[in-house]
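Everything below concerns the one structure shown next.
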Amino acid sequence: MTEKLDAVYGAASASEITRAYDDWAEGYEADMRRLGYRHPAIGLALLARHAPRGAAPVLDAGAGTGLVGEWLGLVGFPVADALDLSEGMLAVARRKGCYRALHRAALGGPLPFADGAYAAAIATGVFTTGHVGAEGLDALARAVRPGGVIVLTVKETIWPAFAARIAALGLALLDETPPYHSMPGSDDQVPTRAVALRVPGS
């Protein structure tokens with residue numbers, strides 16, 4: 001399990017990250033359960049608090065195997081799409097049948113849907129060391145319609161860049177958790193915070 005974490009966090013390029021997640025896809029959920037992975041539960045709680053029940057559709061950005069997606073309908077958001085760079089992870093998510101559509105693409109680059117296509121977006125475990133930086137927030141802000149909600153988890157090491165990007169994009173900070181450890185069972189003790197943001201507009 002440590003080797004898998006090292007592979008994804010130590011990857012030097014998007015293609016290396018993709019390969020690492022493809023290789024890990026079938027065992028990912030069992031491994032993350034053993035580590036006490038917290039991001040999906042915390043992100044879902046913030047989404048349910050700030051987005052109107054039934055808001056649709058929701059974009060699960062960095063959906064992976066669908067850890068968030070399989071719960072979205074239960075907390076009031078039954079129409080959701082998945083976005084991830086790993087086909088292996090999306091294959092696991094597809095088997096769950098919890099997404100309307102699945103898109104293979106990376107945040108920070110061109111996305112396969114129109115601006116304002118979503119009522120809300122959630123991205124847990126995406127904005128972290130070696131994955132997606134603050135530049136990926138621009139794509140989410142475009143994807144969510146004015147007045148919509150974006151929920152993110154962000155590693156503390158890259159939070160200052162995010163705070164600046166949030167301000168530059170005119171996003172309103174609705175909610176913010178204290179820093180917490182995303183995987184209490186791992187050696188990685190770099191804390192994360194989760195935030196809920198409002199896209200400017202009606």
Side-chain angles (χ1 to χ4, degrees), residues 4 7-9 11 13-33 37 39-48 51 53-128 130-133 135-145 148-154 182 194 197 199:
K4 299 291 189 185
V8 296
Y9 289 119
S13 66
S15 61
E16 283 186 23
I17 293 172
T18 302
R19 256 194 322 274
Y21 276 117
D22 283 346
D23 292 344
W24 194 8
E26 292 299 331
Y28 176 81
E29 293 191 13
D31 288 343
M32 296 307 267
R33 276 195 299 272
Y37 188 49
H39 284 334
I42 292 169
L44 283 162
L46 288 181
L47 185 68
R53 185 176 180 84
V58 172
L59 176 64
D60 184 3
T65 59
L67 285 173
V68 167
E70 63 186 306
W71 293 99
L72 281 170
L74 292 175
V75 298
F77 307 100
V79 183
D81 292 351
L83 175 75
D84 202 89
L85 57 83
S86 164
E87 185 53 49
M89 301 289 268
L90 286 173
V92 176
R94 188 175 289 110
R95 296 199 297 262
K96 295 179 177 179
C98 55
Y99 294 109
R100 179 185 67 172
L102 297 97
H103 304 281
R104 186 176 179 275
L107 284 175
L111 297 181
F113 32 76
D115 291 356
Y118 292 94
I122 181 168
T124 61
V126 175
F127 295 104
T128 185
H131 282 50
V132 182
E135 72 282 353
L137 187 54
D138 295 45
L140 284 185
R142 288 193 301 272
V144 175
R145 65 189 63 139
V149 172
I150 301 172
V151 171
L152 312 171
T153 62
V154 183
S182 61
L197 310 169
V199 177

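- Rounded to the nearest 0.5 angstrom, I150 CD1 and I122 CD1 are separated by 11.5 Å.
- The shortest heavy-atom contact between G64 and A93 is O-CB, 3.5 Å.
- Within the structure, side chain to side chain donor-acceptor pair (under 3.5 Å) contacts touching residues 103-123 (residues at least two apart or in different chains) are D81-Y118.
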For this session: Given side-chain contact (heavy atoms from CB on, under 4.5 Å), test L72 with L47 step by step and report yes or no.
Result: CA-CA 9 Å; L72 281 170; L47 185 68; 3.6 Å; yes
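- Across all their heavy atoms, R145 and A117 have their closest contact at NH2-O, 3.4 Å.
- Residues passing the side chain to side chain contact (heavy atoms under 4.5 Å, CB included) test with A121 are L59, L140, V144, sequence neighbours excluded.
- Between A63 and D84 the shortest heavy-atom distance is N-OD1, 3.3 Å.
- Here the side chains of L67 and E29 are in contact, with some heavy-atom distance below 4.5 Å.
- In terms of heavy atoms, T65 sits closest to K96 at O-NZ, 2.9 Å.
- Here the side chain of T153 pairs a donor or acceptor atom with the backbone of G125 at under 3.5 angstrom.
- F77 and R53 get closest at one heavy-atom pair: CE2-CA, 4.2 Å.
- Applying the side chain to side chain contact (heavy atoms under 4.5 Å, CB included) test to R95 and every residue at least two apart in sequence or in another chain returns E26, V92.
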For this session: Test L90 against Y99 for side-chain contact (heavy atoms from CB on, under 4.5 Å), laying out the working first.
Result: CA-CA 10 Å; L90 286 173; Y99 294 109; over 6 Å; no
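- I42 CD1 to T124 OG1: the interatomic distance, rounded to the nearest 0.5 Å, is 10.0 Å.
- Between V79 and A56, the shortest heavy-atom distance links the atoms CB-CB, 4.0 Å.
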